[in-house]
Amino acid sequence: MYRFFVEQEQIGEQSVSITGKDVNHIKNVLRMKVGETVLVSDGSDREYVCVIRQFHDDEVVADIEDVNGQTRELPIQVTLFQALPKGDKMELIIQKMIELGAYEIVPMSTKRCVVKLDAKKAANKTKRWNAIAESAAKQSKRGIIPQVSAPVTYGQALAMAKDMDMILIPYEEAENMGHTRQVISEIKPGMKIGIFIGSEGGFAKEEVELAGQSGAKPITLGKRILRTETAGMAVMSVLMYLMEE
């Protein structure tokens with residue numbers, strides 16, 4: 001069943017109004033008909049089961065048949081702070097992290113980042129990244145559309161994470177797996193978690209030390225060295241498994 005996102009003001013007592021680019025997608029790409037069922041979300045993890053009633057040039061009207069409560073989202077909010085990788089790896093990271101349940105993604109520049117974005121390139125990239133986020137949220141039937149922020153510096157990223165309940169930073173020199181299991185076991189429902197992932201060259205030692213001063217807990221992901229596009233997904237998969245209700 002296809003899922004679409006609308007603003008809360010587009011939801012009435014008995015029907016919803018779907019507008020924008022989704023109208024063309026419903027009419028001309030999916031070729032849906034009156035009487036077909038769709039899922040509609042207001043971005044706050046509430047899901048409306050709707051039946052299409054009318055098509056207009058710039059609007060699809062659907063009647064609300066049922067309302068589901070908060071069932072799609074994890075009981076923790078996970079923000080990925082991802083060092084800018086080379087090529088189009090960021091697109092893959094965004095897509096898969098959102099499928100796994102990430103709440104927000106923050107691209108950041110670190111000491112060993114090769115990628116440098118000026119203001120114009122950063123704005124264009126951010127726009128595309130959020131389009132990928134929306135598509136991934138629809139595909140995986142998320143209750144919200146996770147946001148991808150504009151790229152920030154490493155210092156800004158640490159400042160954004162300072163009020164989180166726990167900050168995890170995978171690092172090849174972290175203590176053994178037993179320590180990592182202990183750290184992960186301390187995560188409880190309702191917590192806000194930050195995951196810091198370095199670029200292809202990893203974090204500089206002083207960056208890990210700076211994160212530690214901000215309360216970050218270094219963890220290991222095992223004896224193998226993971227690529228930057230794999231590391232965040234590995235952590236997120238563990239958190240999803242442990243927290244899924």
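This one's a predicted model, so the numbers in the text were calculated from it and none came from an experiment. Scope of the values below: all heavy atoms of this structure, side chains included, with no hydrogens, waters or symmetry mates.
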For the residue pair [X] and [Y], establish whether any side-chain heavy-atom pair is separated by less than 4.5 Å.
X	Y	answer
Arg128	Asp88	no
Ile169	Lys217	no
Gln147	Asn130	yes
Ile76	Met166	no
Ile105	Ile98	yes
Val23	Asp58	no
Leu80	Met236	no
Glu229	Pro85	no

Approximate separation, where rounding is to 0.5 Å, of [X] [atom1] and [Y] [atom2]:
X	Y	atom1	atom2	answer
Lys111	Tyr154	NZ	OH	12.0 Å
Gln10	Phe4	CD	CZ	13.0 Å
Met97	Ser237	CE	OG	8.5 Å
Glu36	Arg31	CD	CZ	12.5 Å
Thr220	Arg224	OG1	CZ	9.0 Å
Leu30	Asn24	CG	CG	9.5 Å

Could you tell me whether [X] atom [atom1] has more than 12 heavy atoms of other residues or ligands within 6.0 Å of it?
X	atom1	answer
Lys192	NZ	no
Glu7	CD	no
Glu9	CD	yes
Lys223	NZ	no

Review point. Can you find a side-chain donor-acceptor pair between Thr228 and Gln82 that sits under 3.5 Å?
Key: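 Yes, Gln82 and Thr228 have a side-chain donor paired with an acceptor closer than 3.5 Å.
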Practice item. Compute whether any side-chain donor of one residue and acceptor of the other, for Ser140 and Glu99, lie under 3.5 angstrom apart. Key: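 No, Glu99 and Ser140 have no side-chain donor paired with an acceptor closer than 3.5 Å.
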Check your understanding: When you measure from the side chain of Arg3 to the backbone N and O of Arg142, does any donor-acceptor pair fall under 3.5 Å?
Key ->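 Judged by distance alone, yes, a pair lies under 3.5 Å.
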Review point. Just by modelled atom types, is the Gly143 backbone N or O under 3.5 Å from a matching donor or acceptor in the Ser41 side chain?
Key: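 A pair under 3.5 Å: yes.
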Check your understanding: Any idea how Phe196 and Phe203 line up, ring-wise: parallel (<30°), tilted (30 to 60°), or perpendicular (>60°)?
Key ->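 Taking Phe203 first and then Phe196, their aromatic rings sit tilted (interplane angle of 30° to 60°).
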Atom of [X], atom of [Y] and distance for their closest heavy-atom approach:
X	Y	value
Cys113	Ser199	N-OG, 3.8 Å
Leu221	Pro170	CD1-CB, 3.8 Å
Pro107	Trp129	CG-CZ3, 3.5 Å
Ser149	Val106	OG-CG1, 3.4 Å
Ile64	Gly12	CD1-O, 3.6 Å
Met32	Phe55	O-CZ, 3.4 Å

Check your understanding: Which ILVMFWY residues can you reach from Tyr103 by hopping between side chains whose heavy atoms are under 4.5 Å apart?
Key ->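 Same cluster as Tyr103: Ile144.
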Check your understanding: When clusters are formed from ILVMFWY side-chain contacts under 4.5 Å, directly or step by step, what else is grouped with Leu39?
Key ->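 Reading the cluster by chain and number, Leu39 sits alongside Met1, Val49.
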If hydrophobic clusters are built by linking Ile, Leu, Val, Met, Phe, Trp and Tyr wherever their side-chain heavy atoms come under 4.5 Å apart, do [X] and [Y] end up in the same one?
X	Y	value
Ile197	Val152	no
Leu242	Ile219	yes
Leu84	Met233	yes
Ile132	Tyr2	no
Val6	Ile145	no

Exercise for review: Using the side chain to side chain contact (heavy atoms under 4.5 Å, CB included) rule, take Val38 and Ile52 through it: C-alpha gap first, then chi angles, then the decisive distance, then the call.
Suggested key: CA-CA 7 Å; Val38 295; Ile52 296 175; 4.2 Å; yes
Taking [X] first and then [Y], would you say they form a salt bridge - that is, a charged N and a carboxylate O separated by under 4.0 Å?
X	Y	value
Glu47	Lys141	no
Glu200	Arg227	no
Glu173	Lys205	no

Point to revise | Ile193 vs Ile187, side chain to side chain contact (heavy atoms under 4.5 Å, CB included): CA-CA, chis, key distance, verdict | key: CA-CA 8 Å; Ile193 310 298; Ile187 298 175; 4.0 Å; yes
Practice item. Tell me, with the steps shown, if Asp42 and Tyr48 meet side chain to side chain contact (heavy atoms under 4.5 Å, CB included). Key: CA-CA 8 Å; Asp42 62 2; Tyr48 297 83; 4.0 Å; yes
Check your understanding: Passes side chain to side chain contact (heavy atoms under 4.5 Å, CB included), Leu117 versus Asn124? Steps please.
Key -> CA-CA 10 Å; Leu117 300 176; Asn124 290 336; over 6 Å; no
